[in-house]
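The next block holds one structure in the form of structure tokens; read it before the comments.
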Amino acid sequence: MSNDLAGVWEVALSDGVHRIEFEHGTTTGKRVIFVDGKELLRRDWMFKLVGKETFNVGKSETKATINIDAVSGFAYEYTLEIDGKSLKKYMENRSKVTSTWVLNLDGTDCRVVLEKDTMDVWCNGQNIETAGEFVDDGTETHFTLADHNCCVKAVSSGKRRDGIIHTLLVDGTEIAECTE
């Protein structure tokens with residue numbers, strides 16, 4: 001890393017939390033993007049100091065864009081967009097379409113993410129094979145993590161505004177959902 005570090009962002013996707021770092025050399029126009037510590041893009045000697053850089057993040061190749069805007073004189077503002085939305089808007093929307101649980105199984109930290117639209121389940125970056133079934137009060141999505149029986153129960157809240165409530169059970173014990 002050089003001393004040209006201009007921005008650092010943490011982006012929570014289904015396959016994990018990704019760290020994006022952006023270096024901007026305001027004298028040379030250099031632009032370097034690192035995702036999870038790996039150099040993804042490098043441009044040296046760019047004469048245009050403002051603009052945008054677009055790249056992909058994560059296993060799902062989610063589109064990300066860093067916008068570089070001049071604020072005043074030689075001061076710059078850097079903003080990150082994910083899927084065409086500001087990072088703040090993206091994360092607000094993401095909390096509506098996913099549920100996330102963080103737990104420790106047999107000494108291993110696990111981050112379990114449910115994509116509500118597809119009912120895909122991810123654990124620590126891996127898409128988990130599941131089996132879904134309809135039950136009297138909703139649906140159950142069954143899967144196994146490290147020899148533990150897991151189930152995501154989806155039941156109606158009975159309130160239109162609250163929609164469907166998703167609950168993770170590991171060996172029959174409910175795990176509290178976390179907010180990212």
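Of the inter-residue distances, the one linking I68 atom CD1 with E77 atom CD reads 11.5 Å to the nearest 0.5 angstrom. Remark: D147 CG to D106 CG distance equals 8.0 Å, nearest 0.5 Å. Of the inter-residue distances, the one linking C110 atom SG with Q126 atom CD reads 12.0 Å to the nearest 0.5 angstrom. Separating the CD atom in E21 from the CG atom in L40 is a distance of 12.0 Å, to the nearest 0.5 Å. Between T118 atom OG1 and K116 atom NZ the span is 12.0 Å, to the nearest 0.5 Å. Rounded to the nearest 0.5 angstrom, E39 CD and I33 CD1 are separated by 10.0 Å.
Note on V50: it clusters hydrophobically with I66, by side-chain heavy-atom contacts below 4.5 Å among ILVMFWY residues. Residues Y90 and Y78 share a single hydrophobic cluster, defined by chaining ILVMFWY side chains whose heavy atoms lie under 4.5 Å apart. Clustering ILVMFWY residues whenever any of their side-chain heavy atoms sit less than 4.5 angstrom apart, transitively, puts L41 in the very cluster that holds V35. Hydrophobic clustering, with ILVMFWY side chains joined whenever heavy atoms are under 4.5 angstrom apart, keeps V102 apart from L105. V152 and V97 are members of different hydrophobic clusters when ILVMFWY side chains are connected at heavy-atom separations under 4.5 Å.
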message = Run the salt bridge (charged side-chain N to carboxylate O under 4.0 Å, His left out) test on K30 and E23 for me, step by step, so that the C-alpha distance in whole Å, both residues' side-chain angles and the decisive distance to 0.1 Å come before the verdict.
response = CA-CA 8 Å; K30 175 186 83 170; E23 292 181 4; 3.3 Å; yes
Pair V17-R111, side chain to side chain contact (heavy atoms under 4.5 Å, CB included): steps then yes or no = CA-CA 10 Å; V17 178; R111 179 177 175 272; 3.8 Å; yes
request  = Assess whether side chain to side chain contact (heavy atoms under 4.5 Å, CB included) is satisfied between N127 and D120, documenting all intermediate values.
outcome  = CA-CA 7 Å; N127 195 325; D120 281 348; 3.9 Å; yes
request  = Could you walk me through whether N56 and T62 pass side chain to side chain contact (heavy atoms under 4.5 Å, CB included), step by step?
outcome  = CA-CA 5 Å; N56 294 326; T62 303; over 6 Å; no
request  = Please assess S14 against E115 for the test side-chain hydrogen bond (donor to acceptor under 3.5 Å, both in side chains), listing each intermediate value before the final yes or no.
outcome  = CA-CA 8 Å; S14 295; E115 293 181 352; 2.5 Å; yes
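At least one side-chain heavy atom of L145 sits under 4.5 Å from a side-chain heavy atom of I128. No side-chain heavy atom of V170 sits less than 4.5 Å from a side-chain heavy atom of W101. Looking only at side-chain heavy atoms (C-beta outward), H166 and I164 come within less than 4.5 Å of each other. Side-chain atoms of D15 and V113, non-hydrogen and from C-beta on, never get closer than 4.5 Å to each other. Inter-residue side-chain proximity for R19 and F34 is flagged as unmet; no heavy-atom pair is nearer than 4.5 Å. Counting heavy atoms from C-beta outward, K63 and T65 have side chains that approach closer than 4.5 Å. You'll find the side chain of V8 stays beyond 4.5 Å of the side chain of I20, heavy atoms only. In this structure, the side chains of L13 and W122 stay at 4.5 Å or more apart for every pair of heavy atoms.
Considering all non-hydrogen atoms of both residues, H18 and G58 come closest at NE2-CA, 3.7 Å. Taking both residues in full, the closest heavy atoms of E140 and V135 are given as CD-CG1, 3.8 Å, listed atom of the first, atom of the second, then distance. In terms of heavy-atom proximity, C150 sits nearest to L168 at CB-CD1, 4.4 Å. Among all heavy-atom pairs drawn from I165 and S157, the shortest one is CD1-CB, 3.6 Å.
A donor-acceptor contact shorter than 3.5 Å links the side chain of K59 to the backbone of G125. Panel note: side chain N124, backbone D109; a donor-acceptor pair is recorded below 3.5 Å.
For residues 126-138, there are no salt bridge (charged side-chain N to carboxylate O under 4.0 Å, His left out) pairs, not counting sequence neighbours.
Looking at T28 and R43, their side chains never bring a donor and an acceptor atom within 3.5 Å of each other. A donor and an acceptor atom, one from each side chain of N149 and D171, are nowhere located under 3.5 Å apart. No donor-acceptor contact under 3.5 angstrom links the side chains of Y76 and H24, judged on distance only. T130 and T141 share no donor-acceptor pair across their side chains, judged by distance under 3.5 Å alone. Between the side chains of E81 and S86, no donor-acceptor pair of N or O atoms lies under 3.5 Å.
Of the residues listed (R94, K88, K96), the one engaging E92 in a salt bridge (charged side-chain N to carboxylate O under 4.0 Å, His left out) is K88, and it is the only one.
Using a 4.5 Å cut-off between side-chain heavy atoms of Ile, Leu, Val, Met, Phe, Trp and Tyr, L169 forms no hydrophobic cluster with any other residue.
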